[in-house]
Amino acid sequence: MNYVFPPPAPAAVPVRGGGLFPVHRIYCVGRNYAEHAQEMGFSGREPPFFFMKPADAIVPVAEGETVAIDYPPLTANFHHEIELVVALGTGGRDIPAAKAAEHIWGYGTGLDMTRRDLQGEMKKQGRPWSIGKGFDQSAPVSALVPKARTGELLEGAITLAVNGQQRQKGDLRELIWSVNETIEQLSRAWLLQPGDLIFTGTPAGVGAVVRGDVMEGAIAGLPTLRVAVR
């Protein structure tokens, strides 16, 4: 095929043990921990809702590395959100929750970086959030670990520290909509594909970072994610 210019390399995330996981799409679940929903002004088990980030928003972080991201333009309120990332190895439509785990290839630790002030302004105006969520370098992700090694992740501590001070703390069992329920809901709206990543929501404690800050995210059984802001 003759492209009018060379296409960019596909977005990819390193894998524990070697290799790269090619990224197709990035789906994100909003307000999926009760305490975080409350701190954002909501409560209860509302129906799940989703937003997306472009695949090239990925910032791959190999094990043992600290990767720097740029403080983005147009914002004065740049927030961290630590999340379990689920990587799909097979896709499908109308996947029942009871079968959803069969489609999971592995797991990683991710950051849903957010321009909170821009997101808030878009909410007030009833406009899309893309400028607040889908910008460059907004999705740092650790090396992925195959589910064959971890088993299905149903519980485990999830934390984020900034400059050594804990900001966020929760447990995967506190998800309002479980990973399997989330896959079921997503597959009703989209034809899921191998290479899709799902950011599953963040616990309470989201907050701002500035240039020079170092974020360290951890999920039990997965690689630690270290990201500096420059």
Side-chain angles (χ1 to χ4, degrees), residues 8-29 52-72 75 78-89 104-115 133-150 153 156-170 172 179 194-203 205-230:
V13 182
V15 171
R16 175 176 281 177
L20 293 172
F21 183 91
V23 178
H24 178 245
R25 291 177 179 167
I26 303 172
Y27 298 98
C28 303
V29 189
M52 298 177 73
K53 293 176 182 275
D56 64 1
I58 286 287
V59 180
V61 183
E63 291 193 67
E65 289 188 351
T66 300
V67 171
I69 60 173
D70 298 316
Y71 194 97
T75 185
F78 186 37
H79 275 211
H80 57 75
E81 299 189 12
I82 185 69
E83 310 206 4
L84 172 70
V85 176
V86 176
L88 299 186
I104 297 172
W105 184 88
Y107 303 95
T109 306
L111 281 168
D112 167 18
M113 300 304 297
T114 303
R115 295 193 279 205
K133 288 287 192 178
F135 53 93
D136 299 335
Q137 301 181 330
S138 61
V141 178
S142 75
L144 300 178
V145 183
K147 189 183 71 171
R149 293 192 182 188
T150 65
L153 293 186
I158 174 172
T159 61
L160 183 111
V162 177
N163 303 327
Q165 299 297 311
Q166 185 171 282
R167 292 267 191 97
Q168 294 185 258
K169 181 181 180 180
L172 300 180
V179 169
D196 285 343
L197 298 182
I198 303 170
F199 280 62
T200 57
T202 194
V206 300
V209 289
V210 298
R211 290 180 178 87
D213 283 347
V214 178
M215 298 171 284
E216 186 169 300
I219 298 175
L222 297 178
T224 297
L225 178 66
R226 285 180 55 86
V227 178
V229 183
R230 61 187 172 199

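As the structure is a computational prediction, the values presented were derived from the model and not from experiment. Worth knowing before you read on, the calculation uses all heavy atoms, side chains too, and leaves out hydrogens, waters and symmetry mates.
- Between the Q168 side chain and the I82 main chain, a donor and an acceptor come within less than 3.5 Å of each other.
- Considering all non-hydrogen atoms of both residues, E65 and V61 come closest at O-CG1, 3.7 Å.
- A heavy-atom distance below 4.5 Å is found between the side chains of L172 and I219.
- Interatomic distance, CG of L160 versus CD of Q165, reported as 12.0 Å (0.5 Å rounding).
- Here the closest heavy-atom approach between residue V59 and residue Q137 is recorded as CG2-CA, 3.5 Å.
- Distance CE/M215 to CG/L111: 5.5 Å, rounded to 0.5 Å.
- Remark: side-chain polar atoms of Y107 are not paired, donor with acceptor, to backbone N or O of T150 under 3.5 angstrom.
- Separation of atoms NZ (K53) and CG (D112) is listed at 4.0 Å; rounding is to 0.5 Å.
- In this structure, H80 and M113 have side chains that are in contact, with non-hydrogen atoms separated by less than 4.5 Å.
- By the 4.5 Å heavy-atom criterion applied to side chains, P203 and I158 are counted as neighbours.
- Rounded to the nearest 0.5 Å, atoms CD1 (I198) and CZ (R25) are 12.0 Å apart.
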Could you tabulate the donor-acceptor pairs under 3.5 Å formed by side-chain atoms of residues 221-230, not counting sequence neighbours?
unit_1: R226; atom_1: NE; unit_2: T66; atom_2: OG1; d: 2.9
unit_1: R226; atom_1: NH1; unit_2: E216; atom_2: OE1; d: 2.5
unit_1: R230; atom_1: NE; unit_2: D70; atom_2: OD1; d: 2.6

Kindly list each side-chain donor-acceptor pair under 3.5 angstrom involving residues 12-19, sequence neighbours excluded, with atom names and distances?
unit_1: R16; atom_1: NE; unit_2: E63; atom_2: OE1; d: 3.4
unit_1: R16; atom_1: NE; unit_2: E63; atom_2: OE2; d: 2.9
unit_1: R16; atom_1: NH2; unit_2: E63; atom_2: OE1; d: 2.9

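- Shown here is N163, whose CG atom has more than 12 heavy atoms of other residues, nucleotides or ligands within 6.0 Å.
- Without hydrogens or angle criteria, T200 side chain to L84 main chain gives a donor-acceptor distance under 3.5 Å.
- Taking both residues in full, the closest heavy atoms of F199 and A139 are given as CZ-CB, 4.0 Å, listed atom of the first, atom of the second, then distance.
- The shortest non-hydrogen separation linking V23 to I26 is CG1-CG1, 4.1 Å.
- Note that the CG atom of D196 and the CH2 atom of W105 stand 14.5 Å from one another [nearest 0.5 Å].
- Shown here for S138 and P140, the closest heavy-atom pair between the two residues is C-CD, 3.5 Å.
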Q: Given side-chain hydrogen bond (donor to acceptor under 3.5 Å, both in side chains), test T114 with K133 step by step and report yes or no.
A: CA-CA 5 Å; T114 303; K133 288 287 192 178; 2.8 Å; yes

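- Partners of F78 by ring pair (Phe, Tyr, Trp, His ring centres under 6.0 Å), not counting sequence neighbours, listed by chain and number: Y71.
- In this structure, I58 CD1 and D136 CG are separated by 12.5 Å, a value rounded to the nearest 0.5 Å.
- Between G156 and A220, the shortest heavy-atom distance links the atoms CA-CB, 4.1 Å.
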